[in-house]
Amino acid sequence: MKKLINDPENVVREELSGIARAHGDRVEVHVDPHYIVRTDAPVQGKVALVSGGGSGHEPMHGGFVGMGMLDAACPGEVFTSPTPDQMEAATKAVDGGAGVVHIVKNYTGDVMNFEMAAELVRSEGTEVESVLVDDDVAVQDSLYTAGRRGVGATVLMEKIAGAAAEQRRPLKEVVDLCRKVNDNARSMGMALTSCTVPAAGKPTFELGDDEVEIGIGIHGEPGRQRLKLAPVHDIVEMMATPIVDDLPFKSGDQVLAFVNGMGGTPLIELYIVFNELASFLDGRGIAIGRNLIGPYITSLEMQGCSITLLKLDDELTDLWDAPVNTPGLRWGV
Amino acid sequence: MKKLINDPENVVREELSGIARAHGDRVEVHVDPHYIVRTDAPVQGKVALVSGGGSGHEPMHGGFVGMGMLDAACPGEVFTSPTPDQMEAATKAVDGGAGVVHIVKNYTGDVMNFEMAAELVRSEGTEVESVLVDDDVAVQDSLYTAGRRGVGATVLMEKIAGAAAEQRRPLKEVVDLCRKVNDNARSMGMALTSCTVPAAGKPTFELGDDEVEIGIGIHGEPGRQRLKLAPVHDIVEMMATPIVDDLPFKSGDQVLAFVNGMGGTPLIELYIVFNELASFLDGRGIAIGRNLIGPYITSLEMQGCSITLLKLDDELTDLWDAPVNTPGLRWGV
Amino acid sequence: MTVTHDDVVRWIRAFADAIAQNKDSLTDLDSAIGDADHGINMHRGMTAVLAKMDGDGSADIGALLKTVGMTLVSSVGGAGGPLYGTLFLRLGAAAAGKEELTDEDWVAMVTAGVEGVQSRGKAEPKDKTMVDALIPARDALASAVAAGEPFADALRSSAAAAEEGMRATIPLVARKGRASYLGERSAGHQDPGATSSWLLMRTAAETFGDHME
Amino acid sequence: MTVTHDDVVRWIRAFADAIAQNKDSLTDLDSAIGDADHGINMHRGMTAVLAKMDGDGSADIGALLKTVGMTLVSSVGGAGGPLYGTLFLRLGAAAAGKEELTDEDWVAMVTAGVEGVQSRGKAEPKDKTMVDALIPARDALASAVAAGEPFADALRSSAAAAEEGMRATIPLVARKGRASYLGERSAGHQDPGATSSWLLMRTAAETFGDHME
Ligand SMILES: Nc1ncnc2c1ncn2[C@@H]1O[C@H](COP(=O)(O)OP(=O)(O)O)[C@@H](O)[C@H]1O
Ligand SMILES: Nc1ncnc2c1ncn2[C@@H]1O[C@H](COP(=O)(O)OP(=O)(O)O)[C@@H](O)[C@H]1O
Ligand SMILES: [Mg+2]
Ligand SMILES: [Mg+2]
Ligand SMILES: [Mg+2]
Ligand SMILES: [Mg+2]
């Protein structure tokens with residue numbers, strides 16, 4: 001295992017210390033329990049957004065704390081969802097009297113820990129609504145399984161709901177917007193290489209020199225299919241087809257196209273992926289109204305990418321364009 | 001070789017096509033000869049900044065074209081400096097009558113190609129000044145060698161000089177500022193893994209599972225020292241000590257600390273590097289006034305990082321803080 | 001023929017030991033169908049539990065187990081944290097105020113614990129989760145105690161049933177937790193949570209059973 | 001005993017062929033002490049040159065070589081582009097208007113070409129660059145022609161001198177170009193540019209010498 005770390009045990013603590021030193025102008029980092037919070041929290045009268053999840057997906061979620069996006073984020077150990085006491089502390093720290101939204105990616109661990117946290121804070125009188133993100137079409141959805149994973153749509157939801165909260169929209173509207181984003185977004189990921197959890201010390205899975213894994217999650221969970229390495233044209237088609245067919249996205253639709261790097265993929269490749277995606281969508285008569293290209297929801301040093309499409313309307317577009325000032329996403333201010 | 005590409009021959013062309021489709025709101029991409037230019041170029045009465053270099057370092061340089069930074073960038077083939085006809089066309093496209101600055105990283109190829117381009121455009125009446133970036137302390141400087149490489153300081157120079165040009169400062173002032181940045185910045189890089197030039201198809205160098213290369217360039221050029229993998233604490237010390245000693249940076253100095261990812265390094269590790277760097281600088285009495293953390297000048301999918309320190313004064317700080325709106329760097333607007 | 005507060009402390013320590021010794025193999029199991037952290041997570045949790053236990057002076061077994069549960073909830077994270085946390089919280093609630101446990105107490109506690117896991121995680125038998133080790137363990141324990149078998153034998157049957165349930169997860173296609181994302185590809189691998197649950201039942205049998213022989 | 005326009009065309013094609021055949025080995029040499037692109041770059045350039053030459057109708061050798069130079073400048077990039085571009089531009093300038101070349105013409109052309117490379121790149125002998133192949137080649141050529149040796153022999157000596165100069169780059173510590181960043185670690189590797197320059201001189205000897213025998 002080759003990483004720029006000291007002790008695998010201290011990875012998250014030292015990362016948080018780096019974030020605190022780097023972004024003290026915008027965020028405060030609390031240790032024990034760990035959470036990252038806007039320096040101006042709680043913002044009175046504003047719905048507060050709290051998210052969280054395992055570490056190793058940076059900039060998500062800590063990098064999305066700030067004006068126009070999250071009020072707080074709870075980082076767990078690497079790839080391990082955080083604990084209820086973190087979420088409880090973060091929720092209390094950001095509660096500005098207008099209610100708190102928990103943005104929860106649909107993983108058993110995240111769901112159960114956020115559930116326990118919500119039970120705790122509700123019993124103490126804070127109004128909390130939970131929203132689930134489950135946009136990953138690589139996973140079959142069913143009442144009898146854990147359901148789809150939450151992946152790329154999380155970033156879009158945090159941005160869009162964050163803008164709505166910033167406009168002082170009420171709790172119900174913010175929650176409805178979160179659901180609208182989730183309902184209109186679909187994603188799929190793939191990996192060229194595995195990643196290595198620091199504490200595990202070896203790659204989560206092994207891929208041959210000529211193999212790719214399609215339908216990968218963001219925790220190094222193996223995907224559903226292992227295929228021979230193919231030109232990116234074919235790979236994008238394999239990812240975009242189930243995305244488009246699932247919603248379905250139709251001719252005439254406007255979308256936000258999000259090409260996400262898994263952590264070890266250079267930007268040059270992401271632009272090539274985006275180029276293929278744009279051609280693919282041209283062929284389906286789908287217009288790209290907005291785009292986001294880069295490593296925003298990562299899997300440590302994994303090489304690979306994911307594609308997320310979000311069907312846009314004027315409301316979502318305006319909220320996407322609204323100012324945001326976080327370490328990981330910034331414009332308009 | 002595992003990459004998200006189609007044909008190694010078409011990597012740059014397809015990347016540029018992706019950039020054109022993604023960022024058409026801010027930049028225009030010209031093909032044959034290849035250059036990327038602000039949509040509002042030439043800006044009359046503004047000094048124009050042109051840079052360029054091999055591809056594979058994204059977002060540099062194409063990602064830094066836009067308001068407050070570069071007017072144009074010339075992308076060469078992967079790791080190969082662009083050709084004079086690209087620079088000539090780009091220079092003409094951005095000349096707003098106030099002169100053009102060529103920001104040239106000190107590599108034999110870049111220097112000679114920009115030199116030929118400058119000869120061409122000067123002979124046609126355009127006022128051009130060239131500025132060399134050579135901040136890499138891993139390379140011994142000498143009159144009898146090619147001298148130090150230009151690395152991380154390039155990003156800082158392009159941002160700071162771009163802000164000055166945006167304020168309509170005259171050519172000489174912009175050039176002087178470029179030199180001031182170069183004179184006050186020092187860098188050093190390291191690699192955990194090699195990268196693979198697509199057309200070459202195999203890693204540029206081989207590193208053992210327990211080895212790191214210190215003093216690496218941004219083209220997969222081997223460094224000056226191969227060492228056993230060490231805790232990041234030691235690695236940062238090995239990199240920061242020669243940087244600080246070279247200028248030298250002294251107790252009481254304010255710096256911009258730039259921790260750059262080489263393309264395959266996840267943000268979580270860069271924050272740990274930054275954390276170590278901050279402690280190291282604490283120990284030397286050097287204050288971090290500004291920071292930049294992320295993959296900004298990369299080496300394809302190489303894992304590793306570089307550290308750049310720039311000594312700040314009020315002028316440099318203000319120009320750093322000035323609004324910038326490029327695909328790769330954005331704030332204040 | 002009763003389990004004392006000290007026995008329970010020895011059991012927790014034995015479970016922590018077993019987790020420490022199987023940390024890598026649990027994580028390996030989790031690499032195959034999950035995210036390679038189950039051993040790491042449980043080890044972090046049990047290390048925190050040991051640190052907490054050092055200062056415990058009371059004799060209330062319920063309070064002790066509640067502390068274990070709270071500590072797991074706030075230190076493990078992932079799916080394991082809430083599930084094992086809830087398990088111990090329910091064990092503790094069922095043992096509230098008790099300074100000794102009879103075999104019937106233990107049956108009632110395990111029954112409450114497993115119920116907690118199911119109400120938290122919504123997993124049914126054959127979903128390929130820890131439930132597949134816990135339910136057979138609870139059933140074997142309950143029927144052995146009901147049949148009047150010696151407690152040590154009942155504990156041994158319950159550990160054996162947990163082991164069998166754990167092995168029976170191998171061919172299953174996961175329907176809950178991270179492994180469910182793999183669909184058919186999850187078959188052929190033993191569930192990590194079922195494995196740690198077997199360790200839990202095995203260490204209980206070893207500690208309480210040993211004491212009683 | 002003269003070199004015709006057709007001979008020059010055959011030489012350029014032969015050089016392009018040699019580059020194509022040695023593309024990978026040139027790139028490998030460049031991996032060791034540079035950035036793994038010299039073969040790729042030169043091949044891209046010579047492919048562009050071949051495409052340009054197809055449409056060339058004039059008999060002016062100077063014009064032909066100038067086109068080669070311009071094409072290399074605008075298609076190779078890196079250090080190789082300006083250096084080989086300048087080399088061919090200077091060959092072309094020295095042959096301006098000529099439809100045939102004598103051995104003295106060739107000496108004058110090579111001399112001008114090497115001068116161009118040096119004024120562009122500022123490299124001196126023993127800096128471990130293409131200059132280390134070109135200067136010995138020029139010197140051997142010039143003295144053989146001055147001594148009245150048959151042109152084919154003079155060409156052979158110049159190719160042999162280039163080869164020797166190329167091999168002599170192996171122990172050198174680079175002082176110019178990308179390899180200089182390596183300092184002492186650059187010793188022990190043959191310079192890629194010196195290698196492609198040897199191919200240039202060797203194909204000239206083979207094409208022009210062969211024709212004359
Ligand atoms: N819904 C559930 N009910 C019961 N047990 C579950 C459930 N989901 C997952 N598990 C158990 O949790 C184990 C994984 O735990 P762990 O690796 O610690 O958490 P995570 O999956 O969040 O990484 C699985 O092997 C399985 O036994
Ligand atoms: N200043 C110089 N003068 C002459 N030749 C040089 C000089 N710098 C580099 N070279 C030659 O260029 C070769 C490298 O060319 P190439 O790989 O195409 O360019 P780059 O180094 O830009 O990647 C070296 O092997 C060397 O022979
Ligand atoms: Mg986990
Ligand atoms: Mg090169
Ligand atoms: Mg797990
Ligand atoms: Mg080279």
Side-chain angles (χ1 to χ4, degrees), chain A residues 8-9 32-33 52-54 56 74 76-86 88 107-117 120 136 138-140 142 144-149 194-206 215-226 299, chain C residues 23-24 26-28 30-45 47-48 69-86 89 117 119-124 126-130 173-186 189 193:
Chain A
E9 303 279 307
D32 211 2
C74 304
E77 285 300 315
V78 173
F79 289 177
T80 299
S81 77
T83 59
D85 52 323
Q86 295 175 255
E88 183 193 7
Y107 297 94
T108 305
D110 291 47
V111 170
M112 291 192 297
N113 283 287
F114 266 107
E115 215 168 76
M116 292 184 89
L120 281 168
D136 189 350
V139 174
Q140 230 118 52
S142 145
Y144 308 102
T145 67
R148 287 180 166 172
R149 295 177 287 223
S194 177
C195 54
T196 297
V197 174
K202 57 185 179 202
T204 305
F205 58 91
E206 294 290 347
I216 196 89
I218 56 168
H219 302 91
E221 314 99 305
R224 301 203 71 156
Q225 246 186 318
R226 184 161 292 193
S299 267
Chain C
K23 181 181 161 205
D24 291 344
L26 289 171
T27 298
D28 285 350
D30 200 27
S31 308
I33 55 170
D35 60 349
D37 63 0
H38 187 62
I40 301 163
N41 292 348
M42 291 302 295
H43 181 62
R44 183 176 54 249
T47 305
M70 295 288 286
T71 308
L72 291 177
V73 165
S74 67
S75 65
V76 177
L83 291 168
Y84 276 102
T86 303
L89 286 172
V117 168
S119 79
R120 181 58 66 204
K122 313 278 180 304
E124 295 296 325
K126 302 219 180 303
D127 282 353
K128 197 179 182 107
T129 70
M130 53 195 282
V173 171
R175 286 183 303 214
K176 278 283 180 291
R178 222 175 266 290
S180 70
Y181 306 139
L182 281 176
E184 300 292 333
R185 279 175 77 184
S186 63
H189 301 275

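Being a predicted model, the structure only gives us computed values, none of them experimental. Values below: all heavy atoms of this structure, side chains included; hydrogens, waters and symmetry mates excluded.
In terms of heavy-atom pairs under 4.5 Å with chain A, the best-connected choice from Ser31(C), Ser74(C), Ser186(C) is Ser74(C). The candidate with the highest count of non-hydrogen atom pairs below 4.5 Å against chain A, out of Asn41(C), Thr27(C), Val73(C), is Val73(C). Interface check for chain A: of the options Glu184(C), Met70(C), Arg178(C), the most heavy-atom pairs under 4.5 Å are formed by Arg178(C). Looking only at heavy-atom pairs under 4.5 Å with chain A, the residue among Ala79(C), Gly39(C), Gly183(C) that has the most is Ala79(C).
Neither the backbone nor the side chain of Gln86(A) comes within less than 4.5 Å of any heavy atom of chain C. Heavy-atom distances place both the backbone and the side chain of Asn113(A) under 4.5 Å from chain C. At a 4.5 Å heavy-atom cutoff, Ala179(C) makes no contact with chain A through either its backbone or its side chain. Interface remark: Glu124(C) contributes no atoms to any contact with chain A (heavy atom separation under 4.5 Å). Proximity to chain A is limited to the side chain of Ser180(C), based on heavy atoms less than 4.5 angstrom apart. In this structure, chain C has heavy atoms under 4.5 Å from both the backbone and the side chain of Phe79(A). For a residue to count as touching a neighbouring chain, one of its non-hydrogen atoms must lie under 4.5 Å from one of that chain's; by this rule Arg185(C) touches chain A with the side chain only. With a threshold of 4.5 angstrom between heavy atoms, Ile40(C) approaches chain A through side-chain atoms but not through N, CA, C or O.
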Fill in: Steps toward side chain to side chain contact (heavy atoms under 4.5 Å, CB included) verdict (Thr80(A), Arg44(C))
CA-CA 12 Å; Thr80(A) 299; Arg44(C) 183 176 54 249; 3.8 Å; yes

Item to complete: Apply side chain to side chain contact (heavy atoms under 4.5 Å, CB included) to Met116(A) and Thr86(C), showing your working.
Response: CA-CA 10 Å; Met116(A) 292 184 89; Thr86(C) 303; 4.0 Å; yes

Worksheet entry | Working for side chain to side chain contact (heavy atoms under 4.5 Å, CB included), residues Leu83(C) and Met112(A) | CA-CA 8 Å; Leu83(C) 291 168; Met112(A) 291 192 297; 3.5 Å; yes

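Atoms CG and OG1, on Leu72(C) and Thr83(A) in that order, are 11.5 Å from each other to the nearest 0.5 Å.
A salt bridge links Lys202(A) with Asp28(C): at least one charged nitrogen is closer than 4.0 Å to a carboxylate oxygen.
Scanning both residues, Ala200(A) and Ala36(C), for their nearest heavy atoms gives CB-O, 4.0 Å.
Lys122(C) NZ: more than 12 foreign heavy atoms inside a 6.0 Å radius.
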